[in-house]
Amino acid sequence: MSAVVQESNAQSLTFYRPDYFVKTPEMRSPEYVQLSTAAAITLGLVPGVMHRTACTHCLNLLMTYPEGCRANCTYCGLARHREESRDYADRNFIRVDWPTVRVDEMLERIARGGDKGQFQRMCISMITHPDSDHDTQVMLKRWMEVAPHIPVSILSNPTTMDKQDLIDLKAMGADIFTVALDAVTPEIFERTRGKTVQSPHSWDKYWQTIEWAAEIYGPEKFGAHLICGMGETEQEILEVCQKMKDMGGHNHMFAFFPEKGSMMEDWDPVPQDHWRRVQLGRFLIDYAGGRYEDMGFDAHGRVEDFGYPRDELEAIISSGKPFQTSGCPGKDDEEVSACNRPYGDSSPSDIRSFPFSLNKDDVEIVRRQMRLQDLQFGD
């Protein structure tokens, strides 16, 4: 049975949980917004617990329209090609369902502390839709009226934005601006989300928007999402990480996982050793003074030397921090993301991005996966 709660006047829906067996109701931003399953659990909208983690520290929101996202990215569960088989509000995204909530209801829960103080950040994720730019500003304005103590990130849609949009969002209270670049080479970008697959995105426009963000938001206040495992080498993705760091930004890393219903659903997940080496390299670049130029790579672009002293590298690995979910920071530790996205890129049985602090056993598993015995070390 669909988890739909009616308001007392029975004229509008308060909450809708994805259900493939009912007619999806009409729900449209900015009156409605989707939120991650982890956020819905944290707010008490759905029952449930997460494996080894009590909640998410980031309220991830997704703009929503019956027409859906008009892009057609091959790895995404929200892609336009699914419109004949799944209504937009019922589509999975980064492995999980995204329930839809009336914005008034969500804000009321936030205002009365329904998150029990767990949320350290809120993120508005835009989609490719004609109304998304305007409605994102409406959502941000309403949030700042209710919860200005919780900082806001914008996960942008560069395709529909110009420079003034970034300026306006910052003036309205946005704290961090991010771009889901995802693909780290022009060739991979084009075959996964460009004109080749009838999608409107452009590599050049995405990088232009990252440059605008660096100028407008400043150091440590912008970043890029990168997906590891779509055909790039470790060398290629870490080179982009260094470019972002040199611009003043952060790298938010995702392990490729074949999204059910996407055009890449038959691809293999990113290999464990590939992913772990990239996680470690990204952390060294972002937080530990490491440099891409100091790293050594084999003929296949795999890391064989992090260019980092062995003892210091061992201590960083033992901390477990490089292998936790990377994203916008929270209040407790700038090296640990508030946006922990529980199991957004893997199942709990084979964790790729740890949504919690690693214990000694977890670290040992990661060490084996990374194949440390094959690595060289700097002086």
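Judged purely by atom type and a 3.5 angstrom limit, Lys170 uses its side chain to pair as donor or acceptor with the backbone of Ile216. Glu232 places a side-chain N or O within 3.5 Å of a backbone atom of Met230 that can act as its donor or acceptor partner. Remark: the backbone N or O of Thr178 is paired with a side-chain donor or acceptor of Ser156 at under 3.5 angstrom. Within the 3.5 Å criterion, the main-chain N or O of Gly307 finds no donor-acceptor partner in the side chain of Asp294. When atom types are taken as modelled, the side chain of Lys205 and the backbone of Pro158 share a donor-acceptor pair closer than 3.5 angstrom. Put simply, the side chain of Asp345 gets close to the backbone of Ala255: a donor and an acceptor are under 3.5 Å apart. Put simply, the side chain of Gln118 never gets that close to the backbone of Asp115: no donor and acceptor are under 3.5 Å apart. Checked by atom type and distance alone, the side chain of Asp162 pairs as donor or acceptor with a backbone atom of Asp165 at under 3.5 Å.
Ionic pairing of Asp104 and Arg142 is present here: one or more N-O contacts between side-chain nitrogen and carboxylate oxygen are shorter than 4.0 angstrom. A salt bridge does not link Arg91 with Glu259: none of the charged nitrogens is closer than 4.0 Å to a carboxylate oxygen. Contact check on Glu83 versus Arg70 returns a salt bridge, with a Lys/Arg side-chain nitrogen under 4.0 Å from an Asp/Glu carboxylate oxygen. For the pair Arg367 and Glu314, the salt-bridge criterion is met [side-chain N within less than 4.0 Å of a carboxylate O]. The existence of a salt bridge linking Glu105 and Arg109 is confirmed by a sub-4.0 Å separation between a basic side-chain nitrogen and an acidic carboxylate oxygen. Between Arg28 and Glu26 there is a salt bridge, since a side-chain N of the basic residue sits under 4.0 Å from a carboxylate O of the acidic one. Ion pairing of Asp87 with Arg82 is absent here, as no side-chain N (NZ or NE/NH1/NH2) approaches a carboxylate O to less than 4.0 Å. Salt bridge Asp175/Lys221: present, at least one basic N to carboxylate O contact under 4.0 Å.
Side-chain contact between Tyr206 and Thr159 is present, with at least one heavy-atom pair separated by less than 4.5 Å. In this structure, Ile237 and Met253 have side chains that are in contact, with non-hydrogen atoms separated by less than 4.5 Å. At a threshold of 4.5 Å between non-hydrogen side-chain atoms, the residues Val33 and Val101 count as touching. Side-chain contact between Cys228 and Phe256 is absent, with no heavy atoms from C-beta onward closer than 4.5 Å. Within the 4.5 Å cutoff, no side-chain heavy atoms of Val152 are placed close to those of Ile176. Counting heavy atoms from C-beta on, the side chains of Leu59 and Met106 come closer than 4.5 Å. Contact check for Pro258 versus Pro269: side-chain heavy atoms found under the 4.5 Å cut-off. Inter-residue side-chain proximity for Ser353 and Trp275 is flagged as met; some heavy-atom pair is nearer than 4.5 Å.
Under 3.5 Å, the side chains of Asn340 and Thr56 contain a donor-acceptor pair of N or O atoms. Counting only N and O atoms by type, the side chains of Gln279 and Arg276 include a donor and acceptor under 3.5 Å apart. In this structure, a donor-acceptor pair under 3.5 Å is present between the side chains of Asp133 and Thr160.
Applying the ring pair (Phe, Tyr, Trp, His ring centres under 6.0 Å) definition to pairs two or more places apart or across chains, those involving residues 278-305 are His250-Tyr287, Phe283-Tyr287, Tyr292-Phe297. Sorted by first then second residue, the ring pair (Phe, Tyr, Trp, His ring centres under 6.0 Å) pairs that include residues 145-178, not counting sequence neighbours, are Phe177-Tyr217. Residue pairs meeting the ring pair (Phe, Tyr, Trp, His ring centres under 6.0 Å) criterion with at least one partner in residues 111-146, sequence neighbours excluded, are Tyr65-His129.
Remark: Ile285 CD1 to Glu293 CD distance equals 8.0 Å, nearest 0.5 Å. Within the model, atoms CD of Gln272 and CD of Gln369 stand 4.0 Å from one another, a figure rounded to the nearest 0.5 Å. A distance of 8.5 Å separates CG in Leu358 from OG in Ser319, rounded to the nearest 0.5 Å. Here the OG1-CG distance, from Thr209 to Asn157, works out to 9.0 Å after rounding to the nearest 0.5 Å. The OH atom of Tyr16 sits 10.5 Å away from atom OG1 of Thr64, with the distance rounded to the nearest 0.5 Å.
Residues passing the salt bridge (Lys or Arg N to Asp or Glu O under 4.0 Å) test with Asp246 are Arg291, sequence neighbours excluded. Applying the salt bridge (Lys or Arg N to Asp or Glu O under 4.0 Å) criterion to Arg352, with sequence neighbours excluded, gives Asp350. The side-chain hydrogen bond (donor to acceptor under 3.5 Å, both in side chains) check on Glu265 picks up nothing, with sequence neighbours excluded. Not a single side-chain hydrogen bond (donor to acceptor under 3.5 Å, both in side chains) links Ser357 to another residue, sequence neighbours left out. Listed by chain and number, the residues in a side-chain hydrogen bond (donor to acceptor under 3.5 Å, both in side chains) with Gln208 amount to none (sequence neighbours excluded). Considering only residues two or more places apart in sequence or on other chains, Arg193 meets the salt bridge (Lys or Arg N to Asp or Glu O under 4.0 Å) condition with Asp182. Looking at residues two or more places apart in sequence or on another chain, you find no side-chain hydrogen bond (donor to acceptor under 3.5 Å, both in side chains) involving Gln324. Looking at residues two or more places apart in sequence or on another chain, you find no ring pair (Phe, Tyr, Trp, His ring centres under 6.0 Å) involving His274. Annotation: salt bridge (Lys or Arg N to Asp or Glu O under 4.0 Å) contacts of Asp333 (sequence neighbours excluded): Lys321.
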Between Asp168 and Lys163, does the salt bridge (charged side-chain N to carboxylate O under 4.0 Å, His left out) criterion hold? Intermediate values first, please.
CA-CA 9 Å; Asp168 293 344; Lys163 189 174 183 180; over 6 Å; no

Worked verdict on Val103 versus Glu31 for side-chain contact (heavy atoms from CB on, under 4.5 Å)
CA-CA 6 Å; Val103 170; Glu31 184 179 9; 6.0 Å; no

List the steps and the verdict of side-chain contact (heavy atoms from CB on, under 4.5 Å) for Leu43 and Leu35.
CA-CA 10 Å; Leu43 270 181; Leu35 71 171; 4.2 Å; yes

Apply the test side-chain contact (heavy atoms from CB on, under 4.5 Å) to residues Ile210 and Met247: give CA-CA distance (whole Å), side-chain angles for both, the deciding distance (0.1 Å), then the verdict.
CA-CA 9 Å; Ile210 292 171; Met247 292 174 69; 3.6 Å; yes

Is there a side-chain contact (heavy atoms from CB on, under 4.5 Å) between Ile316 and Leu284 once you walk through the steps?
CA-CA 9 Å; Ile316 289 171; Leu284 295 176; 3.7 Å; yes

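A cation-pi arrangement is not found for Arg277 relative to Phe306, the charged atom failing to lie both closer than 6.0 Å to the ring centre and inside a 45° cone about the ring normal.
Residue-environment remark: CD (Gln198) stays at or below the threshold of 12 foreign heavy atoms within 6.0 Å. Taking a 6.0 Å sphere around NZ of Lys141, one finds it holds 12 or fewer heavy atoms contributed by other residues, nucleotides or ligands.
Ring pair Phe189/Trp203 is perpendicular by interplanar angle, where above 60° counts as perpendicular and below 30° as parallel.
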